[in-house]
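Right, one structure below, let's go through it.
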Amino acid sequence: MKSYITTPIYYVNGSPHIGHAFTSIMADILKRNRQALGYELMLSTGVDEHGQKNQEAAQELGMPVEEYLDMRCAEFRDVFEKLGVEFDYFVRTSREGHKKAVAEMEQRIFDKGLIVKKQYTGTYCKGCEEFKKESDLTEDGQCPLHPTMQVEQTDETNYFLKMEPFREQLLKHIDDNSDFVQPESFRNELKKMLAEPLEDLCISRPKSRVTLGVELPFDTDFVTYVWFDALANYLTNIGWPEDGYQDWWAECEHMIGKDILKPHGVYWPLMLMAADLPLPKKLSVHSHWVGAGGVKMSKSIGNTVDPIEVMDKLGVDALRWYLARHMRADSDSQISVELIAQTYESELNNKLGNLLSRGAKFARKNFDGKLPVKGPLTAEDEALRQTVLDATAGMGEWIDLADIPARMQSIINAAAEMNNYFDKQAPWTLFKSEETKDRARDVVYVGLDCLRIVMEALQQVIPVSAGKALATLNVTDIARPWKPELDRLPGGSELDEIEPLFPRVQ
């Protein structure tokens, strides 16, 4: 069983930001989930090194283009590794193999008569690197995605892909495959984009204006439009056009933000149809992050969130947990360093970390430095155990992007119940009497075994912290495929010194 997950490849005209971190972390969570279920995984992420914006960014810094691209690529790769994103393939569109495959796709489509050369006069947005129709612009005549950037009037000759011949075929595919676009709200939005006849898509830029790109195989005076080039990476990563890519491609899921639904939901499927290639299995679409109070993030008002700053202050799992816990696929979500810190303290520290510290330290102090061995259980014990099994069951099943926050909500609710159980049972009081000392042992075992289940589940989300907790509990044998199972805590094993799992932030 295979699963191939892709993130968009990110423009390198600036440093990695919270949007890049979010998409790649969510893709990593899905990868870890499916690996836990026994799937063979491929996760690709990386950088888009072509296009006018990257070319101009290098010029602004006074750097040779190749040196600039190397610098930005290393920066993105380093950040993703720090975020715990276990990618299998890191994309660089400057690789010769990628460029050769892009040219192969263009030549195939050109040979079918679906790419034509013609004059274009109209509006161009440098931010999108796209030609715009009047209906694409705001009332003020600006691009809604780049309202502070002036659009330009352009008159130039380019090559265009005929898209209209495939529009009805794509609409039928969407209707016949209800999971092709998730959530449903974005599926409906995509269908609206396809409701009217499509204009031809400009797929080239003259070298007189843009030199950073894949040269057209049939006209060396032009380079490939950056989106055509970038989208093809999803196939070139797995070896297309050589044979052997098919099994991965049949299980391909694109993880994208809502702002790039059109390129992925319209341009890319129609490119594939024009090249007689099958479509990806799914587009998983998410909304965006906004600042506290719902205010759009902006450097000028100082409400942006730097993932490096968060990791330096709180650790990588504080960021991963917040993004997984509070994301919403079909609506924008609020984020700030303060909100992340509050969630870290109230949930990770006070609930999960506190239970590990209390339970493990009590066991180490009172049971000869060992984890207790379970005895007879009560109805209260069994009720908690069932709560934890129910709360973590979803992590033993296939997770889609939109499922993630509900799964996290269930787990943190269970963690609250585990702490309530520990407070109510009060093993420190039970241990004082010979008559109830054994009961203290059972309470500690139940609490820590339930915590073990939770931490096994959270290896898919906060792997560093979950791994530390399981090491503290001497848990080394985790079954695959994973599902929540009781009584797998290694009772009787030695406990080392207990370190805080989520230290308080000063």
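Sequential numbering from 1 along the given sequence is applied to the chain's residues.
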Sequence neighbours left out, what pairs pass salt bridge (Lys or Arg N to Asp or Glu O under 4.0 Å) with at least one residue falling in residues 181-197? Asp175-Lys191
Which residue, Lys99, Lys100, Lys207, forms the salt bridge (Lys or Arg N to Asp or Glu O under 4.0 Å) with Glu215? Lys207
Can you label the angle between the Phe180 ring and the His173 ring as parallel, tilted or perpendicular, going by 30° and 60°? perpendicular
Would you please name every residue forming a salt bridge (charged side-chain N to carboxylate O under 4.0 Å, His left out) with Arg167, sequence neighbours left out? Glu164
Excluding sequence neighbours, so at least two apart, what forms side chain to side chain donor-acceptor pair (under 3.5 Å) with Glu49? Arg92, Ser94
side-chain contact (heavy atoms from CB on, under 4.5 Å) partners of Glu347, counting only residues at least two apart: Trp321, Arg325, Thr343, Ile412
With sequence neighbours excluded, residues passing salt bridge (charged side-chain N to carboxylate O under 4.0 Å, His left out) with Glu499: none
Can you give me every donor-acceptor pair (side chain of residues 462-471, partner residue at least two apart or in another chain, under 3.5 Å) with its distance?
unit_1, atom_1, unit_2, atom_2, d
Ser465, OG, Asp317, OD2, 2.8

Across all chains, not counting sequence neighbours, the ring pair (Phe, Tyr, Trp, His ring centres under 6.0 Å) partners of Phe76 are His20
Any residue meeting ring pair (Phe, Tyr, Trp, His ring centres under 6.0 Å) with Phe222, in chain and number order, not counting sequence neighbours: Tyr159
Quick one: list whatever passes side-chain contact (heavy atoms from CB on, under 4.5 Å) with Ala324, sequence neighbours left out. Met26, Ile29, Ile404, Met408, Val461
Residues forming a side-chain contact (heavy atoms from CB on, under 4.5 Å) with Ser346, sequence neighbours excluded: none
Could I get the full list of side chain to side chain donor-acceptor pair (under 3.5 Å) partners for Ser3, not counting sequence neighbours? Arg34
Considering residues at least two apart in sequence or located in another chain, which fulfil the side-chain contact (heavy atoms from CB on, under 4.5 Å) criterion with Gln182? Asp179, Lys282, Asp400
Just say parallel, tilted or perpendicular for the rings of Phe80 and Phe90, cut-offs at 30° and 60°. tilted
